[in-house]
2 protein chains.
Amino acid sequence: MTAAVRLLLADDEHLIRGALAALLALEDDLVVVAEAASGPEALAMARAHEPDVAVLDLQMPGADGVKVATSLRAELPGCQVLIVTSHGRPGHLKRALAAGVRGFVPKTVSAQRLAEIIRTVHAGNRYVDPELAADAIASGDSPLTVREAEVLELAADGAPVAEIAERAALSQGTVRNYLSSAVSKLGAENRHTAVRLARERGWV
Amino acid sequence: MTAAVRLLLADDEHLIRGALAALLALEDDLVVVAEAASGPEALAMARAHEPDVAVLDLQMPGADGVKVATSLRAELPGCQVLIVTSHGRPGHLKRALAAGVRGFVPKTVSAQRLAEIIRTVHAGNRYVDPELAADAIASGDSPLTVREAEVLELAADGAPVAEIAERAALSQGTVRNYLSSAVSKLGAENRHTAVRLARERGWV
DNA sequence: GGTCCCCTCTGACATTTGTCATGCCGAGTG
DNA sequence: CACTCGGCATGACAAATGTCAGAGGGGACC
């Protein structure tokens, strides 16, 4: 038999991380060599321990799973990345795949399944949860231009047009035009529902 | 030695729930007698198995932890409720305590600590995470009147005043007045940041 | 080179919000 | 009983936002 698969586990919830580590340790071909509670910590741990597979939570303090995955692919090409998440938005999946992530699963899977998927990913194959994949295909690509998305993001926390314009170094009129076109493209009634829709689809 | 503490575990994430069950099972004075993935299911399971302690996730499909706790206190007074959550907002803690919940902890605690806390709660004592408690005290009580909070909630998804007015059976002017006073009470710049602030503090 | 599409801007207009003053009613409190 | 406070409303005004037409510049693609 070959050597056990060396794992890095990153999740900011200690309870989850610990429990997961315990469960995966039951599989005798898997061994957890490092744990992390934040994005930067995950990177540091990966550099130090060079795991075969990194199991990353999508939402973590510091840097999210996708950002960590991007850095990881550059620094440790031999390390495959598997992302685990509670809220699987279509856009996240796309960004993750674009970043070279090999697996993407929701936290609703069982530990058994997760172990299998870790093996799949380690073998060099890819695995994406079928339901999330279906959502991603159904929701399609973002119809927003780069600037529209940018402005929409700045509008996300309820900032007035004047502030958005300043932060984006655009004129107020331009900002309103972008917002207007984004709103109509998304079929929303106003900028705020537009923000919500774009969020749900993972386009911002 | 007394009989083991019988537990109900409710969390919509299978991965977490399973892992948690496995870890708690390692403690020989704790036994998981039932698991649930949603609010209603948790209630049904509790009726069927009459656990000593119910460990509930705060955010679950169907009915959240606090709602389940309320029903549980009415139907099974002997069952103590412990709430576990990823996002500990001050208002949630208050509502939980008002609903008769005996324990409230973030998911950042270790399984060891959780086991201890389960014993504490089972013994009839209360336990609230110190940091969450501090937040709750610091953020104080909601300054909003019932109607202000109601209207603010209806405004939460970006609906225009006309729609809020219709749904609340109020005149548009009244809605705007409520929103205006809520915004000024919260020190926000507009209704949308007000919604965000109220959300963060758990007041909606 | 012509034709799109995106980026950027301006100006004007209608609509929606935010704010304020003011009034009436009912419940609770001194 | 008078007073206060919350709920509800109206009307009016100022400010922010949404919508539209138009216009110049720069890439990309055929």
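Numbers restart at 1 for each chain; the letters A, B, ... are given by sequence-line order, proteins then strands.
- Between the A/Glu41 side chain and the A/Ala37 main chain, a donor and an acceptor come within less than 3.5 Å of each other.
- The phosphate of C/dG18 (OP1 or OP2) has a side-chain N or O of B/Arg191 nearer than 4.0 angstrom.
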Write down the protein N/O and nucleotide N/O pairs, taken from nucleotides 10-13 of chain D, whose separation is under 3.5 Å; answer none if there are no such pairs.
| residue | atom | partner | partner atom | Å |
| --- | --- | --- | --- | --- |
| D/dT10 | OP2 | B/Ser171 | OG | 3.2 |
| D/dT10 | O4 | B/Asn177 | ND2 | 3.0 |

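- The two residues B/Pro143 and B/Lys185 have their closest heavy-atom pair at O-NZ, 3.2 Å.
- In this structure, the CD atom of A/Glu166 is 17 Å from the C1' atom of D/dA16, given to the nearest Å.
- Rounded to a whole Å, the CD atom of A/Glu189 is 17 Å from the P atom of D/dT17.
- Side-chain atoms of B/Ser180 lie closest to C/dG18 of the nucleotides D/dG7, C/dT17, C/dG18.
- The NE2 atom of B/His192 sits 14 Å away from the P atom of C/dT16 (whole-angstrom rounding).
- Regarding B/Leu170, its CG atom lies at a distance of 9 Å from the C1' atom of D/dG7, rounded to whole Å.
- From one end of the helix from C/dG1-D/dC30 to C/dG30-D/dC1 to the other, with five pairs defining each end axis, the axis direction shifts by 30° (rounded to 10°).
- Using a cutoff of 4.0 Å between basic side-chain nitrogens and carboxylate oxygens, A/Glu200 and A/Arg196 are scored as salt-bridged.
- Contact check on B/Glu50 versus B/Arg6 returns no salt bridge, with no Lys/Arg side-chain nitrogen under 4.0 Å from an Asp/Glu carboxylate oxygen.
- Taking atom CG of B/Asn190 as the reference point, atom C1' of C/dT19 lies 14 Å away to the nearest angstrom.
- Residues B/Lys107 and B/Asp11 are paired through a salt bridge, judged by an N-O separation under 4.0 Å between the basic side chain and the carboxylate.
- Taking 4.0 angstrom as the limit, A/Arg147 places none of its side-chain polar atoms (N or O) nearer than this to OP1 or OP2 of C/dC6.
- Atom pair B/Leu186:CG and C/dT19:P shows a separation of 12 Å (rounding to whole Å applied).
- What separates CG of B/Leu179 from P of C/dT16 is a distance of 15 Å, to the nearest Å.
- Taking both residues in full, the closest heavy atoms of A/Ala36 and A/Arg17 are given as O-CD, 3.2 Å, listed atom of the first, atom of the second, then distance.
- Proximity of A/Tyr178 to the phosphate of C/dC6: no side-chain N or O atom is located under 4.0 Å from OP1 or OP2.
- Nearest heavy-atom pair across A/Thr108 and B/Asp12 is CG2-O, 3.6 Å.
- Between B/Phe104 and B/Leu132, some side-chain heavy-atom pair lies under the 4.5 Å cut-off.
- Along DNA chain D, the nucleotide nearest to A/Gly158 and the one nearest to B/Glu148 differ in position, and the one closer to the 5' end is contacted by B/Glu148.
- In this entry the distance linking CG of B/Leu144 with P of D/dC5 reads 17 Å, nearest Å.
- Here A/Lys67 pairs with nothing under the side chain to side chain donor-acceptor pair (under 3.5 Å) rule; sequence neighbours left out.
- Under 4.0 angstrom from either OP1 or OP2 of C/dC7 there lies at least one side-chain N or O belonging to A/Thr145.
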